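Scope of the values below: all heavy atoms of this structure, side chains included, with no hydrogens, waters or symmetry mates. What you are looking at is a predicted structure, and each value in this text was computed from that prediction instead of being measured.
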Amino acid sequence: MTQTFNVKGLSLVFISAFVLLGFARLANAVEIQRVISPEGVEAWLVEDHTVPIIALNFAFGGGAAQDPQDKQGLTRLLAATMDEGAGELTSEEFQAKLEELSVSISFDAGKDRLYGSMRTLTPTLDETVDLLTIALNEPRFDATPVERMKTQLQTQARRNLSDPSAIAGRSLATAMFGDHPYAKSTLGTVESLGDLTSEDLADHHRKLVTREGLKIGVVGAIDAETLKALLDKAFAPLPEKGELDPVAELTPQVGDRVFSELDVPQTTILLGLPGLKRDDEDYQAAFVMNHILGGGSFTSWMYEEVREKRGLSYGAGTSLSPYRHTAILVGSAATRADRSAETVDVMLAQIERMANEGPTEQELKKAKQFITGSYPLRFDSSGKIARQLVALQNAELGIDYFDRRNSEIEAVTLEDVQRVAKRLFADNAPTIVTVGPKLN
C-alpha cells in the first residue's frame, strides 16, 4: 500500500525519487559523526540534506530476557503500549497526533534489547520530538489501551499454538537453550499475558528504559547541533542506570531430535547448530560460509540440493542468529510429510559436505562478489541506515565498520571458510525439530 504524507506543502510521494537518489549516494560514502550532547547522550549521525527526512533509531540495553519467569511477554507488551498514551495525551489523542503530523513513533522487543524508532519530515521535527519525549519518559499505561494490546498479543499467541513454524521455533529454543531466558517466547503465552498489569509495565519501564546501554542512530536532514538539543530533550531525562538482571552466557545444546505432531499437509523442519557471536574473529568467515551453505537463497547448496535437484521443498536455507550471550545457526525447510526424512538427510549431507570438503574457489569468489555487491542495498533508505548505526554500536564493531566491512569479506580465504566450518560442524550433531503429521 502506498501512503502519501503531506506536511506544509511537502509530499513524500513527490520526493520519493529523490530519496532513492540520495541514499544511493550515501551507500557509496557514508560519513558517520559521533555526536555527544551537553548532557552526555551519544548518538551516531549520518547527516544528509538531500531530502527533508529524519530517521532516528535507538535501543535500550535490556530486552525480553529480562522478563520475570512468571511474566513472559512483559517486554513485548511494554513495547506495544509505550505509544498508547503519554503525558497528558490519552491513547486516542497520542495516535491522532501522530496521524495529524503524518509521522511515526514505534517500539519493539528483542531478546536482548528494547528498540524504538522515530520518522519525521523536518517541518514536523519539533512536534515529533515532543511526542517521543513523553512516550519515553511519561508513558501512561492506562487500563483500556493496555487491555486492548494484551488482547492483540494474546490473539497472536493463541494463533501460534497451531502454527507449524511457531511450534518449531519454540521447540528448537527449548531444546537448544534449556532453562536459559532465551528459551522463553518473546511474545509470552496467552496465560502469562493475561496476568500482566499496568503496574507491571510501569515497573518494567523503570527497569529497562534508562541511559544504561542506550544506543542511538540518526540519519537525514539534521545537523549535529540540532541533534544535541533533541538528544537532551528526549533522552537526557531518563535515569542513568536501570535494574537489569545478569544474563548468563550460554552454550547451545545440540544433538536432540524433537517431533511435534500436527495435522497439516506439510512437515516443517528446523536444524540447529552452534553459531558465532558478532564479535567473534571468525564471524566474517562464517558469514561467507553460511552464504554458500544456505544463506544465498537461489545459489546456495541447500537450495540447489533440496529444491532444484530433488523438488523436496519450495525453499531451504540457513541463517546465522547471533545473540548477546550465545549464537546459533539454523537450517529450515518445509516438505511433504512422507519426504521429511529424505529432506532432513539431504540437509544434513550439505552440512557434512561443508565440514569435510568445503566450497570450491569459484564458489567462494561468487559468494564474496554477491555479499560485497549487495551491501549498498542496506543503505537505500534512511531507516535502514539508522538501524545499521544502532546495530554497529550494539555489536561494538566500531564507527569505521562501514568503510572496512567489504575489505574484511574480501579477505576471507578458502582456508578460513574450511576452518570455521570444521569449528562449527565437525564435532556437533544438530538438533533436529520436525512439526507435522505422524506417519504410519
Side-chain angles (χ1 to χ4, degrees), residues 18-37 41-51 53-59 113 115 117 213-228 231 275-292 295-296 319-322 324 327 364-417 419-420:
F18 295 100
V19 172
L20 294 177
L21 288 173
F23 291 116
R25 181 177 63 80
L26 281 178
N28 295 321
V30 175
E31 180 183 349
I32 305 173
Q33 304 175 56
R34 179 181 280 112
V35 177
I36 301 177
S37 75
V41 182
E42 180 177 335
W44 288 8
L45 167 65
V46 174
E47 182 178 351
D48 183 80
H49 296 269
T50 307
V51 290
I53 299 173
I54 299 167
L56 183 148
N57 277 56
F58 51 92
R113 294 173 178 88
Y115 297 95
S117 67
L214 173 64
K215 308 297 182 186
I216 304 170
V218 185
V219 177
I222 185 170
D223 58 43
E225 291 305 311
T226 305
L227 177 57
K228 289 177 183 178
L231 297 175
L276 295 180
K277 293 203 294 187
R278 190 58 191 83
D279 60 354
D280 193 287
E281 61 182 9
D282 276 338
Y283 185 84
Q284 298 292 36
F287 190 83
V288 175
M289 180 274 294
N290 177 72
H291 181 87
I292 298 168
S319 60
L320 295 171
S321 297
R324 194 170 184 177
L364 176 63
K365 180 180 178 181
K366 287 183 177 179
K368 293 197 295 185
Q369 286 176 338
F370 180 88
I371 293 169
T372 56
S374 63
Y375 194 48
L377 295 178
R378 300 189 183 189
F379 304 91
D380 63 359
S381 74
S382 56
K384 285 185 180 181
I385 302 173
R387 285 192 294 273
Q388 287 284 314
L389 294 178
V390 172
L392 295 190
Q393 294 175 76
N394 284 333
E396 299 181 351
L397 294 177
I399 202 167
D400 63 338
Y401 179 76
F402 287 160
D403 295 329
R404 69 175 198 275
R405 185 265 192 181
N406 275 0
S407 63
E408 291 181 3
I409 296 295
E410 292 287 2
V412 173
T413 66
L414 200 60
E415 291 72 22
D416 294 330
V417 171
R419 183 188 68 255
V420 77

Residues two or more places apart in sequence or in another chain: which of them pass side-chain hydrogen bond (donor to acceptor under 3.5 Å, both in side chains) with [X]?
X      : value
Asp280 : Arg423
Gln388 : none
Glu410 : none
Lys228 : Glu225

Holding to side chain to side chain contact (heavy atoms under 4.5 Å, CB included), I want the full list of residues that pass it with [X], two or more places apart in sequence or in another chain.
X      : result
Gln33  : Val35, Leu45, Glu47, Ala224
Ala391 : none
Ala59  : Arg113, Tyr115, Val390, Asn394
Leu414 : Pro359, Glu361, Leu364, Gln418

Holding to salt bridge (Lys or Arg N to Asp or Glu O under 4.0 Å), I want the full list of residues that pass it with [X], two or more places apart in sequence or in another chain.
X      : value
Lys384 : Asp380
Asp279 : none
Arg378 : none
Lys277 : Glu249

Is there side-chain contact between Phe402 and Leu392, with heavy atoms separated by less than 4.5 Å?
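Answer yes - side chains close enough.
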First locate atom CG of Asp48, then atom CD of Glu31, and finally report the distance between them rounded to the nearest 0.5 Å.
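Atom-to-atom, Asp48:CG and Glu31:CD are 11.0 Å apart.
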